[in-house]
Amino acid sequence: AESPPVLSVSVAAIAGLRMLALPRVSPRFGALLWLGQGSWNLLAEVGMGVPETFSGGPTADSAVDVHPLLEGLVGGCFSHQWPVARLAGCLEVEVGWWQLRGLNVSAPKSGSSALIALGPSVRALFPIGERFALFTGGGFRPVLMRPRANFVGYGTALESGPLLVSFEMGLGARW
């Protein structure tokens, strides 16, 4: 009789880039947990982007500061294991909480907003020896809830894009 698949656990520190959600490429850092049993995998990730400033608003010197306070992702994957790599196709939902602050505007000065995105990704784990691994992933997710900064008398000064494209790499341990 065939023995049941063993549960595998992997954790990694990751760094990545987010594109199209904001007007320019945005760096992001975080941690990844990858659980697998046979061909089925679960992913959980928590991270944070770096604060950025974007021009926009009622005057030439108006701007919007965007501070990604916390971002998280969960996903389910179907994978295949080869001796040199585990490759997975995933469906993921990402949630982010952003603080938005207007610069050189009268009101509002600050507010917060959620970003919610859902879509596919491709993930890979490349073993390095017995316990370590290189992690990579990339995906695109339509943005279902789009953070925006509105200024009184002006309207929308900045709104997240309708699509989030991501790429990340990390190094971690596996058991």
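Worth knowing before you read on, the calculation uses all heavy atoms, side chains too, and leaves out hydrogens, waters and symmetry mates. Please read all numbers here as calculations on a predicted model, not as lab measurements.
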So do W175 and V11 actually touch side chain to side chain, heavy atoms under 4.5 Å? yes
Given side-chain hydrogen bond (donor to acceptor under 3.5 Å, both in side chains), test S62 with N104 step by step and report yes or no. CA-CA 5 Å; S62 296; N104 301 318; over 6 Å; no
Hey, are R174 and E130 close enough for a salt bridge, meaning a charged N less than 4.0 Å from a carboxylate O? no
Can you label the angle between the F135 ring and the W34 ring as parallel, tilted or perpendicular, going by 30° and 60°? tilted
Would you list the pairs meeting side-chain hydrogen bond (donor to acceptor under 3.5 Å, both in side chains) in which at least one residue belongs to residues 132-143, sequence neighbours left out? E92-R141, E94-R141, R141-S166
Are R18 and S26 linked by a side-chain donor-acceptor pair shorter than 3.5 Å? no
If the condition is ring-ring contact (aromatic ring centres under 6.0 Å, His included), which residues does W97 pass it with, not counting sequence neighbours? none
Report the distance from atom CG of L91 to atom OG of S121, rounding to the nearest 0.5 Å. 8.0 Å
Donor on one side chain, acceptor on other, Q37 and S8, under 3.5 Å: no
Short side-chain donor-acceptor distance under 3.5 Å, T156 and N150: yes
Rounded at 0.5 Å granularity, tell me how far CH2 in W40 sits from CG in L7. 15.5 Å
Can you name the nearest heavy-atom pair linking L43 to C90, along with the distance? CD1-SG, 3.9 Å
On the 0 to 90° scale, with breaks at 30° and 60°, tag the H80-W82 ring pair as parallel, tilted or perpendicular. perpendicular
